[in-house]
Every structure is written in C-alpha cells, then in structure tokens.
Asker: 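Have a look at this one.
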Amino acid sequence: MSLWKTTRHTAKNPAVLIAAAAGILLAAALAAFILHQGSQTTSPVPVLQEDDGKMAEDLLRLSAETYSAALLSMHSTANFKEEAFLRYRGLDTLVAAHAIRSTGELSQYLECILSSGNPVSDLYICPDPELLWAAAGETAKVWKDSLKQDFCSYIEAHPQIAFSLLLPYPCLDYWLESETAELDTALTLYHNLINELRVYPNVRIFFPGAQEWLILNPDNYTDTCFDTNEVITESLLCHVFCDGDYAVTPENEADIWQSLRETIAREKASPTRHADLSDYCLVFFGDSVLGNYPGSFSIPGYITGLSDASSFNFAVSGTSASSMETVSRPDFPDIIGDFLAENTTPAENGCQFTPESTSPEELEGRKLCFLISYGFNDYFDGATVENPLDPYDIHSFKGGLRTCIARLQEAFPDAAYILMTPTRTSAFDFGTDRRSENGGCFLDYINAVKEIAAETGACLIDNYTAFTITEENLDTYLADGIHPNETGRLTIACRIIDFIENEFPDQPAIK
C-alpha cells in the first residue's frame, strides 16, 4: 500500500455516522467557546498583512471596466489569470490585485462592484478565517459583527449572484509549525466561517487544503506557504470553480478536518523521508501520462519537488513508441531525432546533454538517467507488437523501442536507462480487447516492455504488475481509466524515487 494514498472516510454505518456527528459537535463546542469567551485567543496569525498599495487601482478598474465576474482574495492573486476564467468559465472576470486585509476592505470592493452597473453573475472570493480573526483584534463580537455587516449582508441582498468561496490551502509546513492549540484555533475559525456562510443558498464553499497531492509538494507553492504557482492555481481554478471539486458540506466537513489532522499528526510523528536525488539528471520520454501535466503538477514535477532531482520532460501527449503511418502525430523515433539534434553536443565519449534552458555547469556532476514510458497509444491504435523479420522495424512497438534506446545508448553510453510499463486501465474491457488484426491485447505490450528492458540492459519499473494501482482501485488513482489523477501521479512519482534510491546501480556522473 502506498504511503501516499489519500485517507478516505465514508459514513456507511451507524458507528461512522455517530463518530462524524460527534466530531461536528466537538468542533461546534470549541467554536462556541472561542466565539463567546471574554478573553482573546492566541492565533497562528498574530498580525495583519502589510498594505500592498494596490487597492485604489483595483477600485478604479472595478468602477470603469466591463465584467461579469470578479475575484477577490486575502492572499496574492498574481497567479489567477483573467483569461483562464474566460477560457474555462466563459466569464469576463476582473481579478483584483490587492490582498484584502479585512471585511471593511471587502465591503468597499463589494460596494464598488455592485454599483458599477455591470451585470455581475459570479463573485469568487478567497477569505482567510485567521486573517479575519486578526483583523477583528481576535475579539469574537467584532469578528462576528463585521462579518455580518461587511460581507453576509451583501450575500443576502443579492441572491441572484453566485458567491464561490475558496478557503486557504497552505502547504503542509505551515500546519507543521503550529502547536496543537494553534491548529485547534485555526480549524475552529475555518469551521465558524463556514457555518456563518453556508446558510445562504447562493454560497458554495471549497477547501482543497486537505489534499496530500497539493500540500505535500513544496514546489506547488511559490515564496509563501499560501500562494501556489501558476500551474497549480489554474488547476485549482478548474477543479473548484468549474468542476465543483473539494466542496465543503455538512456531511463531509468533519471528515475533511479529520483527514488534515491525520496527515499533520503523521508527518509530525514520523516525517516522510524521500531520497535525495539532487545528484541526478532525469530525462523523461513518453505519452500523455507524463506529458499532459506541466510543471510541479506532472510526475517529473513531483519527483523534483520531493527529491531535488533535475527533471526534463520530453513526453508528448498522444505519442507512441511505434511509427503509425495512419496516424499524423509525432512518435518516439521522431522525438528522439529532434531531441538529439536540439539538446546534445558532441563530447569525447558520445554526446553531452545540453538542454537550451540549462547551462552545462548546472548539470555537471549529476548522473544522467533516461526514463521511458510507452504502451497505451500503441495498444489503442493496434500497433504490431513485433516484426519477426525485422527487430528494428519502427512500425512495430518493440522495434520502435529498440531503435530509440539504441540511438540513446550510442549517444550516452554512460547514462542509466529505466523502462516503465503503463499502469492498468479500464479502457477496452480492461485491456483484453485486441484493437487490430495485427495488434495484441494490452498485456502483450506490457510484456514487450519487460522483454526490451532485459534485452537492452535497462532497469524496469513495472507499474502494471504488483503495484499500488490495481483494477479494483482504478477510480482512486486514475482520472478516466487511463490517465493518473493527482493522487496517481504522486504515487507513481514516489515509486520512481524509491526505485532509484533502492534498486538503482551506480553510474558515473556527467562530466
């Protein structure tokens, strides 16, 4: 069982329902204690943010420009792109630049938006319960009154506007630095804010901050514990504001906090250790499993974030190891040709890997390793598994792999090579269908990868057999029966890291 499997809690029996109810009652009791006690309560956020000076310009834009939606946040909005809202939601959305510091400032924004004359249909707001508590002087009555007057009154007065609220989702390190009392206070503030706002039918509340795929990878974040990079921010925009994922409801809220608490407790008691691969340069080739996801959101991105390896992803969505004359797309032989022409320079022993974006000095001393993963598209397109008359026939699956690996090994004789099989799939009756007269079932391509690995001296990572992802749990790890979801990509990345640490032979470094 993978260490990274997201803990899931379901209420399918009376005992679980009672436990969930007890958790909610406990949270409510703690909430009541904090909100009605006379003294102030220590908060993990003791002071307000500094004024960034961007509010006046925001209000001018909101008054003068035409839009149908707006995004307001108490943290940086730099990586929320207005064009992304238009692309994914079809809404001309104005993204405010100022990090709002209080409900009073939020009220000024709402007044400006609602008096602008624009037919606003959606407001996306990212409130921070801890910052609101700090802005209220950590005083229960001020907190509640200001929330009612400066925020809830607008929600109630404009039932035609959909308010989508995205709560903060800080990285794990933020929570690990909190003492138990601080964590209790913070989560109680989250719960209280949710309770105040969920009563309005035009409000939806979202919290992705318990998702391990998000909070465990430090490379998902920028220079703060709260702000994610552009790739992750756009993904969350799609997940939350488009697909409605990570919604907080009365039925799942206790489970969300419990899941987050368990992750924090586990990591405090026994921090997960990943191998230090900072002496490795990893170069990836493959299909959409590797190529569909950019940056820290990809399998190579997870590996870099967790192990400090240098990763270069040359995977291309839709590609196959074999050249298919009936399909107009690049294939592995094409990609290898371009790769060798554009990313290498002659060296004393073969070639030197010199990607345009990186200087040779940055890679000096690192061990070069090529990771190759194909099979899905060859199977889907019914490619011939092997031509018995020509083992290097690039129109066959094994011939394409042989040819490309041979070209790489000739150019980089001192590099290491890893072949990876695809995971299991639910497509085409779990891979049992044959897709053409000349093609095989999915298992034939899996076995072909194993055979080529043994033949070429490459290492093998078998993601099909005896792996965490099985036919029984595909929905947990795959988004569509083929492509790994966030949890699946994290799981595969951790397997690769562990394999390199524990099963990899020594090799010379890049000179």
Asker: Without hydrogens or angle criteria, can the side chains of Ser146 and Gln149 be said to hold a donor-acceptor pair below 3.5 Å?
Answerer: no

Asker: Among all residues two or more places apart in sequence or in another chain, which pass the side-chain hydrogen bond (donor to acceptor under 3.5 Å, both in side chains) test with Ser296?
Answerer: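 Asn220, Asn229.
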
Asker: Which atom names give the shortest non-hydrogen contact between Arg89 and Asp122, and what distance separates them?
Answerer: NH2-OD2, 3.5 Å

Asker: So, does Asn202 use its side chain to make a donor-acceptor pair with the main chain of Ile155 at under 3.5 Å?
Answerer: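 Yes, because the side chain of Asn202 sits within donor-acceptor range (under 3.5 Å) of the backbone of Ile155.
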
Asker: Look only at the side chain of Glu105 and the backbone of Arg101, and say whether a donor-acceptor pair between them is shorter than 3.5 Å.
Answerer: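 It does hold such a pair.
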
Asker: Would Arg87 and Glu83 satisfy salt bridge (charged side-chain N to carboxylate O under 4.0 Å, His left out), going step by step from the backbone distance to the final call?
Answerer: CA-CA 6 Å; Arg87 183 186 319 124; Glu83 58 267 25; 5.5 Å; no

Asker: For Pro330 and Ile335, work out which heavy atoms get closest and say how close.
Answerer: CB-CG1, 4.4 Å

Asker: Name all residues meeting the side chain to side chain contact (heavy atoms under 4.5 Å, CB included) criterion together with Asp223; count only those two or more places apart in sequence or in a different chain, and write none if there are none.
Answerer: none

Asker: Ignoring hydrogens and angles, state whether a donor on the side chain of Glu212 or Thr263 is under 3.5 Å from an acceptor on the partner side chain.
Answerer: yes

Asker: How about Ile205 and Leu193: do any of their side-chain heavy atoms sit closer than 4.5 Å?
Answerer: no

Asker: Tell me, please, which residues at least two apart from Glu65 pass salt bridge (Lys or Arg N to Asp or Glu O under 4.0 Å).
Answerer: Arg61

Asker: Counting N and O atoms only, with roles assigned by atom type, does the side chain of Asn313 sit under 3.5 Å from a partner on the main chain of Pro294, one being a donor and the other an acceptor?
Answerer: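 No, the answer is negative, given that no donor and acceptor are paired below the 3.5 Å cut-off.
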
Asker: Can you give each donor-acceptor pair under 3.5 Å made by side-chain atoms of residues 51-58, sequence neighbours left out, with the distance rounded to 0.1 Å?
Answerer:
unit_1 : atom_1 : unit_2 : atom_2 : d
Asp51  : OD1    : Gly53  : N      : 3.0
Asp52  : OD1    : Lys54  : N      : 3.0
Asp52  : OD1    : His98  : ND1    : 2.5
Asp52  : OD2    : His98  : ND1    : 3.3
Asp52  : OD2    : Ala99  : N      : 2.9
Asp58  : OD1    : Ala97  : N      : 2.9
Asp58  : OD2    : Ala97  : N      : 3.0
Asp58  : OD2    : His98  : N      : 2.8
Asp58  : OD2    : Tyr109 : OH     : 2.7

Asker: In terms of relative ring orientation, are His75 and Phe226 parallel, tilted or perpendicular, with 30° and 60° separating the classes?
Answerer: parallel

Asker: Might you point out which heavy atoms bring Cys152 and Leu197 nearest each other, and give the distance in Å?
Answerer: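 Reported closest heavy-atom pair: SG-CD2, 3.6 Å.
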
Asker: As a test of understanding, state which of Thr228, Thr77, Asn79 forms a side-chain hydrogen bond (donor to acceptor under 3.5 Å, both in side chains) with Thr233.
Answerer: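 When Thr228, Thr77, Asn79 are each tested with Thr233, the side-chain hydrogen bond (donor to acceptor under 3.5 Å, both in side chains) holds only for Thr228.
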
Asker: Measure from the ring center of Tyr374 to the ring center of Phe332 and say whether it is less than 6.0 Å.
Answerer: yes

Asker: Contact between Arg198 and Val248 at the side-chain level, heavy atoms closer than 4.5 Å - yes or no?
Answerer: yes

Asker: Test of understanding: with salt bridge (Lys or Arg N to Asp or Glu O under 4.0 Å), list the residues that count as partners of Glu501, not counting sequence neighbours.
Answerer: Arg273

Asker: Under 3.5 Å, side chain of Asp243 to main-chain N/O of Asp245, donor-acceptor pair present?
Answerer: no

Asker: Let me see the working for Ser317 and Asn292 under side-chain hydrogen bond (donor to acceptor under 3.5 Å, both in side chains), right down to the final yes or no.
Answerer: CA-CA 6 Å; Ser317 178; Asn292 260 12; 3.0 Å; yes

Asker: Centres of the Phe430 and Phe442 rings: under 6.0 Å?
Answerer: no

Asker: Going by the rule side-chain hydrogen bond (donor to acceptor under 3.5 Å, both in side chains), which residues pair with Ser426 if we only count those two or more places apart in sequence or in a different chain?
Answerer: none

Asker: Could you go step by step and tell me if Asp287 and Ser320 meet the side chain to side chain contact (heavy atoms under 4.5 Å, CB included) rule?
Answerer: CA-CA 7 Å; Asp287 52 30; Ser320 57; over 6 Å; no

Asker: Using modelled atom types and a 3.5 Å cut-off, is there a donor and acceptor pairing between side-chain atoms of Ser259 and backbone atoms of Asp255?
Answerer: no

Asker: Taking salt bridge (Lys or Arg N to Asp or Glu O under 4.0 Å) as the test, write out the residues that go with Asp150, two or more places apart.
Answerer: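 Listed in chain order: nothing, the list is empty.
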
Asker: Scan residues 147-166 for pairs that pass ring pair (Phe, Tyr, Trp, His ring centres under 6.0 Å), counting only residues two or more places apart or in two chains.
Answerer: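 Counting only pairs at least two positions apart or across chains, no ring pair (Phe, Tyr, Trp, His ring centres under 6.0 Å) contact touches residues 147-166.
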
Asker: Under 4.0 Å between a side-chain nitrogen and a carboxylate oxygen: does that hold for Lys268 and Glu179?
Answerer: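 The answer is no: the pair does not qualify as a salt bridge.
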
Asker: Just checking, any donor-acceptor pair under 3.5 angstrom between side chains of Glu486 and His239?
Answerer: yes

Asker: If the plane angle is over 60° it's perpendicular, under 30° parallel, otherwise tilted; pick one for His483 and Tyr293.
Answerer: perpendicular

Asker: What's the shortest heavy-atom distance between Leu72 and Ala96, and which atoms?
Answerer: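 Looking at all heavy atoms of both residues, the closest pair is CD2-CB, 3.7 Å.
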
Asker: For this output row, return yes or no: ring centroids of Phe285 and Phe314 closer than 6.0 angstrom.
Answerer: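 Phe285 vs Phe314: aromatic centres under 6.0 Å.
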
Asker: Heavy atoms only: give me the nearest Val120-Ala69 pair and the separation to one decimal.
Answerer: CG1-CA, 4.4 Å

Asker: Do the two ring centres, one from Tyr190 and one from Trp133, sit under 6.0 Å apart?
Answerer: no

Asker: List the residues meeting salt bridge (Lys or Arg N to Asp or Glu O under 4.0 Å) with Asp145, not counting sequence neighbours, and say none if there are none.
Answerer: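 Per chain and number, Asp145 pairs via salt bridge (Lys or Arg N to Asp or Glu O under 4.0 Å) with Lys141.
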
Asker: By side-chain hydrogen bond (donor to acceptor under 3.5 Å, both in side chains), which residues pair with Ser298, not counting sequence neighbours?
Answerer: none

Asker: Yes or no on side chain to side chain contact (heavy atoms under 4.5 Å, CB included) for Ile256 and Phe207, after CA distance, side-chain angles and deciding distance?
Answerer: CA-CA 9 Å; Ile256 291 172; Phe207 177 69; 3.6 Å; yes

Asker: Please check if any side-chain donor atom of Ser311 sits under 3.5 Å from a side-chain acceptor atom of Thr304, or the reverse.
Answerer: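 Yes, a side-chain donor-acceptor pair sits under 3.5 Å.
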
Asker: Is the shortest side-chain N to carboxylate O distance from Arg261 to Asp184 below 4.0 Å?
Answerer: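 Counted as a salt bridge, because a side-chain N and a carboxylate O are separated by less than 4.0 Å.
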
Asker: Go through the steps to decide whether Thr491 and Tyr477 satisfy the test side chain to side chain contact (heavy atoms under 4.5 Å, CB included), and finish with yes or no.
Answerer: CA-CA 8 Å; Thr491 302; Tyr477 295 99; 3.4 Å; yes

Asker: Do the rings of Phe241 and Tyr124 sit parallel, tilted or perpendicular, given the 30° and 60° boundaries?
Answerer: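 Correct class here is tilted.
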
Asker: In terms of side-chain geometry, is the basic nitrogen of Lys148 or Glu196 positioned less than 4.0 Å from the acidic oxygen of its partner?
Answerer: yes

Asker: For Ser278, check side chain to side chain contact (heavy atoms under 4.5 Å, CB included) against everything at least two apart and list the hits.
Answerer: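 So Ser278 forms a side chain to side chain contact (heavy atoms under 4.5 Å, CB included) with Asp276, Asp308.
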
Asker: Answer yes if the ring centres of Trp213 and Phe297 are under 6.0 angstrom apart, and no otherwise.
Answerer: yes

Asker: Which residues pass the side-chain hydrogen bond (donor to acceptor under 3.5 Å, both in side chains) test with Asp227, sequence neighbours left out?
Answerer: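 If we apply the side-chain hydrogen bond (donor to acceptor under 3.5 Å, both in side chains) test to Asp227, skipping adjacent residues, the hits are Thr224.
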
Asker: May I have the step-by-step check of side chain to side chain contact (heavy atoms under 4.5 Å, CB included) for Thr93 and Glu82, ending in yes or no?
Answerer: CA-CA 6 Å; Thr93 304; Glu82 293 180 350; 5.5 Å; no

Asker: Side chains of Trp143 and Asn192: closer than 4.5 Å at any heavy-atom pair?
Answerer: yes

